[in-house]
**Student:** 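Could you have a look at this structure, given as structure tokens, before my questions?
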Amino acid sequence: MVPPVAVSPLIKTARWSALLLGMFYGKQRFDYLKPIAEEEKRVEEAEKKIREEQERIYKQLAEANSDSILK
């Protein structure tokens, strides 16, 4: 087995810096996108309620039309 190679302190510092900067960027991006996603979810839920109400009305009308005397 080959012994491990000593990594330059500059490379170690650059890796840790990139990791910490990535975490900082990710947190900022998440905080930016979270309210947008919540608004989209709220709008989607409202549209879903409207769609379900329309489907319920359509089913009631379909049942009313199928319950005729002329069967």
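Hydrogens, waters and symmetry mates are skipped; everything else that's a heavy atom, side chains included, is used. Positions are given from 1 along the sequence. All figures in this text were calculated on a predicted structure; none of them were measured in a lab.
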**Student:** Between Arg56 and Glu53, does any NZ, NE, NH1 or NH2 come within less than 4.0 Å of an OD or OE carboxylate oxygen?
**Tutor:** yes
**Student:** Rounded to the nearest 0.5 Å, how far does NZ of Lys59 lie from CD of Glu63?
**Tutor:** 8.5 Å
**Student:** Please list all pairs meeting side chain to side chain donor-acceptor pair (under 3.5 Å) that have one or both residues in residues 43-52, counting only residues at least two apart or in different chains.
**Tutor:** none
**Student:** Supply the atom-to-atom distance Tyr25 OH to Tyr32 OH, rounded to the nearest 0.5 angstrom.
**Tutor:** 10.5 Å
**Student:** Under 4.5 Å between side-chain heavy atoms, counting indirect links through other Ile/Leu/Val/Met/Phe/Trp/Tyr residues: same cluster for Met23 and Trp16 or not?
**Tutor:** yes
**Student:** Look up atom CG in Leu10 and atom CZ in Arg15, then write down how far apart they are to the nearest 0.5 Å.
**Tutor:** 11.0 Å
